[in-house]
Amino acid sequence: MSLIAASGVGVSYGGRRVLFDIDFQITRGEIVTVVGPNGSGKTTLLRALLGVVPPSTGRVTRAAGLRVGYVPQRLHIDPGLPMPVARFLSLPRRASKAAMADALARVGLGDVARQTMSTLSGWQFQRVLLARALLGRPDILMLDEPTAGLDQPGVASFYRLIEDVRRELGCAVLSISHDLHVVMSASDRVICINGHVCCEGAPHVVRAAPEYRALFGFGTGGALALYQHDHDHAHDHNHDHGHEKDHAPHAG
Amino acid sequence: MLDDFMMRATLAGLAVALATGPLGCFVVWRRMAYFGDATAHAAILGVALALGFQISIFVGTMVVALVMAMMVSVLAGRGWAMDTTLGVLAHSALAFGLVAVSFLPAVRVDLTAYLFGDILAVSRLDLAIIAAGSALVLGLILWRWSALLTATLSEDLAHAAGIHPGRERMVLTVALAVVVAVALKIVGALLIAALLIIPAAAARNFARGPEAMAFSAVVIGGIAVWGGLQLSLAQDTPSGPSIVVVAALIFLLSTLAGSLFQNRLGR
């Protein structure tokens with residue numbers, strides 16, 4: 001029984017095809033990483049799965065009563081809106097003080113509950129977004145570019161945290177990344193999209209590749225894996241879905 | 001007690017402040033300041049239509065304010081810039097309203113009353129309508145508070161939590177139309193936006209959370225109503241503008257105090 005399933009989903013903005021022929025499903029406890037270059041429609045896919053963007057073709061089905069923990073890439077809080085961390089964690093459903101303290105500790109934050117959101121660093125802000133998502137006891141965590149702006153040890157520690165959370169809550173994790181090569185090693189599946197699904201499969205861990213080691217460094221605690229793309233078609237011929245041409249104006 | 005016109009005026013003003021406080025906060029948070037303005041301007045057209053068709057002015061302004069708010073939503077949703085849409089619709093509605101009023105035969109319409117309001121002329125029936133309208137808006141906002149706040153923060157977060165941002169936007173639109181229809185007689189079309197925004201803006205200078213800000217905006221609005229009416233009584237100044245003047249002075253004071261304690265505000 002899948003938590004979220006998409007069949008034949010296509011999304012167009014003003015006649016411009018951003019996504020097409022997307023078949024996708026994710027089941028409980030599964031970690032799926034969607035990778036794709038900028039403008040490949042991966043954020044659009046996430047928004048379609050969330051229900052924010054209605055698909056122009058095909059359909060998206062979500063399990064009844066599905067609890068989604070969504071962690072956006074960025075969140076702009078209007079300066080006119082005073083928002084203490086504790087209040088943010090209670091949106092839209094009240095959380096107890098103890099639950100908030102637990103969630104903040106879980107994501108590795110100290111006592112920031114009384115601070116204002118605007119005083120947090122980017123790193124703290126994102127952890128608070130994650131803590132808020134966890135407080136809803138989600139069936140699925142949806143992460144939009146969760147590692148953007150983090151350095152490589154930061155990426156590794158974030159992915160380890162997600163793995164731990166998955167183990168504790170038993171939730172599914174759907175994460176999207178613009179990084180084509182470095183994905184969570186715990187990913188059960190990696191899906192590479194560029195308008196449509198280019199390839200998917202288990203991340204292939206390249207063990208003895210010194211040049212990759214040199215590139216990505218040591219000491220990631222096994223949290224990073226290299227995903228080898230296995231495209232079954234070439235993109236250099238003139239077929240009807242010229243990706244760059246069609247999709248370039250849409251940021252991933 | 002209600003025989004005293006000052007008492008009726010004060011109660012009517014306080015009732016309006018009760019609704020404009022929290023609603024004004026959403027107007028500020030969502031950057032809809034000119035939306036309130038535009039809706040209020042459009043209400044003048046409602047007054048003209050109400051007089052022309054001999055229907056209640058409350059009904060006329062309410063209908064026009066609602067239609068206006070929905071047209072703004074639709075046009076903005078089609079890719080028109082919000083400020084352009086508001087500019088076109090607000091000024092057109094105001095102009096159409098003024099032209100329409102001039103066609104009304106043999107009716108001497110005191111438009112200044114609707115532009116600037118006449119709180120001292122509030123009747124018992126007016127007071128009842130105002131109280132009911134404010135209670136409706138306040139109830140609506142309290143009921144939807146958490147969903148409204150989430151949708152204001154981020155439409156995507158709201159979607160993920162099973163909240164429909166479009167529905168919450170509609171709640172605010174309806175609430176705004178009701179407040180405009182109800183408050184038109186008191187502070188007038190030109191000053192409604194001021195009563196929505198100034199107390200909320202003043203409250204922002206010291207409020208630590210969204211609820212505190214909404215509550216403070218109500219208190220500030222209440223003080224402005226009371227102080228403005230006292231000023232109007234003592235100095236024989238026009239009552240609607242006097243209320244806004246007091247609100248503006250509170251904003252000035254809270255901004256000065258706010259910048260003195262800025263470090264403690266965490267801004």
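Since we're looking at a predicted model, the values are computed, not measured. Quick note: numbers below take in every heavy atom, side chains included, and nothing from hydrogens, waters or symmetry partners.
Between chain B and the options A:R93, A:R67, A:R132, the largest number of non-hydrogen pairs under 4.5 Å is found for A:R132. Options A:R62, A:R47, A:M142, A:M83 differ in how many heavy-atom pairs under 4.5 Å they form with chain B, and the most are formed by A:R47.
Summarising the geometry of A:L81 relative to B:R204, their closest heavy-atom pair is N-NE, 4.0 Å, with the distance given to 0.1 Å. Shortest non-hydrogen contact noted between B:W29 and A:P82 is NE1-CD, 4.1 Å.
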> Should B:L157 and A:F88 be marked as a side chain to side chain contact (heavy atoms under 4.5 Å, CB included) after you check the CA-CA gap, both sets of side-chain angles, and the distance that decides it?
Replying inline: CA-CA 11 Å; B:L157 277 189; A:F88 179 75; 4.2 Å; yes
>> Show, in sequence, the C-alpha distance, side-chain angles and deciding distance for B:H159 and A:V68, and conclude whether the side chain to side chain contact (heavy atoms under 4.5 Å, CB included) test is met.
In response: CA-CA 9 Å; B:H159 261 294; A:V68 176; over 6 Å; no
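Counted within 6.0 Å of CH2 on A:W123, heavy atoms from surrounding residues, nucleotides or ligands total more than 12; the atom is thus considered enclosed. Counting non-hydrogen atoms of neighbouring residues, nucleotides and ligands closer than 6.0 angstrom, the CZ atom of A:R74 reaches no more than 12 such neighbours.
The stretch residues 210-220 of chain B places B:P210, B:E211, B:M213 near chain A, each with some heavy atom under 4.5 Å from a heavy atom of that chain.
For a residue to count as touching a neighbouring chain, one of its non-hydrogen atoms must lie under 4.5 Å from one of that chain's; by this rule B:A161 touches chain A with backbone and side chain alike. For B:R31, the part lying under 4.5 angstrom from a heavy atom of chain A is the side chain only. Within the 4.5 angstrom heavy-atom criterion, only side-chain atoms of A:P72, from C-beta onward, approach chain B.
Rounding to the nearest 0.5 angstrom, the gap separating the CG atom in B:D156 from the CG atom in A:L50 is 6.5 Å. Remark: A:H76 NE2 to B:S154 OG distance equals 11.5 Å, nearest 0.5 Å.
Between the side chain of B:T150 and the main chain of A:L91, no donor-acceptor pair closer than 3.5 Å is present.
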